[in-house]
Engineer: 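The structure under discussion is supplied below as C-alpha cells; questions concerning it will follow.
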Protein chains: 2
Amino acid sequence: MTDGHPGGFDLDAFLPYLLNQAAEATSRGFAQVYRAEYGMTRTQWRVLANLGRSGAMTASDICRVSHVEKTKVSRAVAALEERGFLARERHGADRRAETLSLRPEGRAAFERLGMLALDYDRALRARLGPEAATLARVLREMIAAGAEPGG
Amino acid sequence: MTDGHPGGFDLDAFLPYLLNQAAEATSRGFAQVYRAEYGMTRTQWRVLANLGRSGAMTASDICRVSHVEKTKVSRAVAALEERGFLARERHGADRRAETLSLRPEGRAAFERLGMLALDYDRALRARLGPEAATLARVLREMIAAGAEPGG
DNA sequence: CGCAGATAGTTGCAAATGCAACCATGTCGA
DNA sequence: TCGACATGGTTGCATTTGCAACTATCTGCG
C-alpha cells in the first residue's frame with residue numbers, strides 16, 4: 001500500500017491523520033444540511049446541539065464539555081442569539097457568567113436538525129456494520145481520556 | 001449522561017461529532033510538534049507527509065489522495081516551496097500540471113517529523129490498547145468508502 | 001480544424017479561526 | 001479589607017479557510 005519509509009513512519013497508519021480524514025468526510029456531509037437549512041456554521045451547530053442536549057448552561061460549560069475554544073463559543077453564541085435561537089441571562093450566583101438557554105426557535109431548529117442527524121448517523125452506521133458501535137465506544141474513551149498520548 | 005431527547009437524537013452517539021472531537025484532540029497534540037519545530041501548518045504537514053510517502057506527485061494527486069481542498073493544497077505547496085522544502089517541475093505530458101517532489105530539506109523535515117509522529121502514534125496506541133488496530137482499520141474503511149452515508 | 005467542455009492550478013474576497021490582550025467579577029489568604 | 005491571582009466572557013488582529021471566479025492547457029467531437 002505504501003512504499004518503504006526510512007524511519008518506518010506510515011501515514012496510512014497514523015491515527016491523527018485517519019481520524020481527521022474520517023471526521024472531515026463525515027462532517028462535510030452533514031454540514032451541507034445545517035448550512036442549507038439554517039445557514040449555520042459548524043461551531044454554531046455544535047453549540048446548539050450541546051444546549052439542546054444539556055439544557056441551560058454557561059458558555060464555559062460548553063467549552064469544557066465540547067472542547068471548543070472559548071472565542072469560538074463566544075462568537076457562535078452571539079450569532080445564535082442574533083437569530084433569536086437562544087437567550088442569555090445573567091447567572092445569579094456568579095455575575096460574570098451567563099446562563100444560555102434555547103428559545104423556541106432554537107429548540108425547533110435543534111429538533112429538526114436532530115432528526116436529520118439521526119438519519120445521517122443511522123445511514124453511516126448501516127454502512128459500517130456492527131463495528132460502528134465499537135468505533136463509537138473507542139472514540140468516546142479517547143475523548144474522555146483527553147485523547148493525547150502524553151495527557 | 002444525557003437527558004431524554006424528543007427525537008431520540010443523542011449527541012454523544014453522533015459519529016461525526018465523536019470523530020471530530022477525537023480528531024481535534026489527537027491532532028492538536030501533534031500540531032504542537034510540527035508547529036514548534038518547523039512553524040508548519042496542519043495542511044503543510046499533510047502535504048509534506050503525502051509527498052514523503054508517495055514520492056513525486058502533482059497537486060491534484062494530493063487532493064485526490066488526501067481529500068484536501070485544492071486551494072489549501074495550492075497555498076501549502078507555495079509555502080513549502082518558499083522554504084525550499086519542495087521543488088515544482090512542469091509535468092512533461094500535461095503542461096497544466098506540475099510534478100512536486102521533496103528537496104533534501106523537505107525530506108529531512110519529513111524524516112524527523114515522521115519519527116516524532118511514529119512516537120506519538122505509538123504512545124496513542126499504547127493508551128488505546130488492542131482496539132487501536134480495529135480503530136485504524138475501521139477508519140481506513142470509512143475513508144476509502146467516501147465516509148458519507150449517501151455516497 | 002475549431003469550438004464546447006473538462007481539468008490543473010492560482011487568486012480575490014469574505015468569513016471563520018487562534019491567540020493574546022482586555023474588562024469585569026470572584027476567591028483566597030495575610 | 002485589601003491585594004494577588006483565577007475565571008467568565010469579549011474584542012482586535014493576523015492567519016487560515018472556503019468559495020467562486022479566472023487563466024491556461026487539454027480532450028473530444030462535429
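Any value given below was found using the heavy atoms of this structure, including those in side chains, with hydrogens, waters and symmetry copies removed.
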Engineer: Whole angstrom is fine here: how far is it from CZ in A:Arg42 over to C1' in C:dA16?
Structural biologist: 12 Å
Engineer: Under the 3.5 Å rule, do the base of C:dT7 and the side chain of B:Arg96 count as making a donor-acceptor pair?
Structural biologist: yes
Engineer: Which part of the nucleic acid does A:Arg90 contact within heavy-atom distance under 4.0 Å: base, sugar-phosphate only, or nothing?
Structural biologist: nothing
Engineer: Could you check whether the rings of A:Tyr120 and A:Phe30 sit parallel, tilted or perpendicular, using 30° and 60° as the cut-offs?
Structural biologist: tilted
Engineer: When you get a sec, tell me which of C:dG9, D:dT16, D:dG9 is the closest nucleotide to the side chain of B:Thr41?
Structural biologist: D:dT16
Engineer: To the nearest angstrom, how far is B:Glu24 atom CD from C:dG18 atom P?
Structural biologist: 7 Å
Engineer: In whole angstroms, how far is the C1' atom of D:dT16 from the NZ atom of B:Lys70?
Structural biologist: 18 Å
Engineer: Map B:Gln44 and A:Ser60 onto DNA chain D by nearest heavy atom, then report which one ends up closer to the 5' terminus.
Structural biologist: A:Ser60
Engineer: Of the candidate nucleotides C:dC19, C:dA8, C:dG26, which contains the atom at the shortest distance from the side chain of A:Arg95?
Structural biologist: C:dG26
Engineer: Starting from P on D:dT7, measure out to CD1 on A:Ile62 and report it in whole angstrom.
Structural biologist: 19 Å
Engineer: So which nucleotide from D:dG8, D:dC19, C:dT17 ends up closest to the side chain of A:Lys72?
Structural biologist: C:dT17
Engineer: Select one nucleotide: of D:dG9, D:dC13, D:dG18, the one nearest the side-chain heavy atoms of A:Arg75.
Structural biologist: D:dC13
Engineer: Could you tell me, to 10°, how much the axis swings from one end of the helix from C:dC1-D:dG30 to C:dA30-D:dT1 to the other, five pairs per end?
Structural biologist: 20°
Engineer: Strictly below 4.0 Å: does A:Ser74 bring a side-chain N or O up to OP1 or OP2 of D:dT10?
Structural biologist: yes
Engineer: B:Ala59 has a side chain; which of C:dG9, D:dG18, C:dT10 sits nearest to it?
Structural biologist: C:dG9
Engineer: Would you indicate, yes or no, if D:dG18 has its OP1 or OP2 atom less than 4.0 angstrom from a side-chain nitrogen or oxygen of B:Thr71?
Structural biologist: no
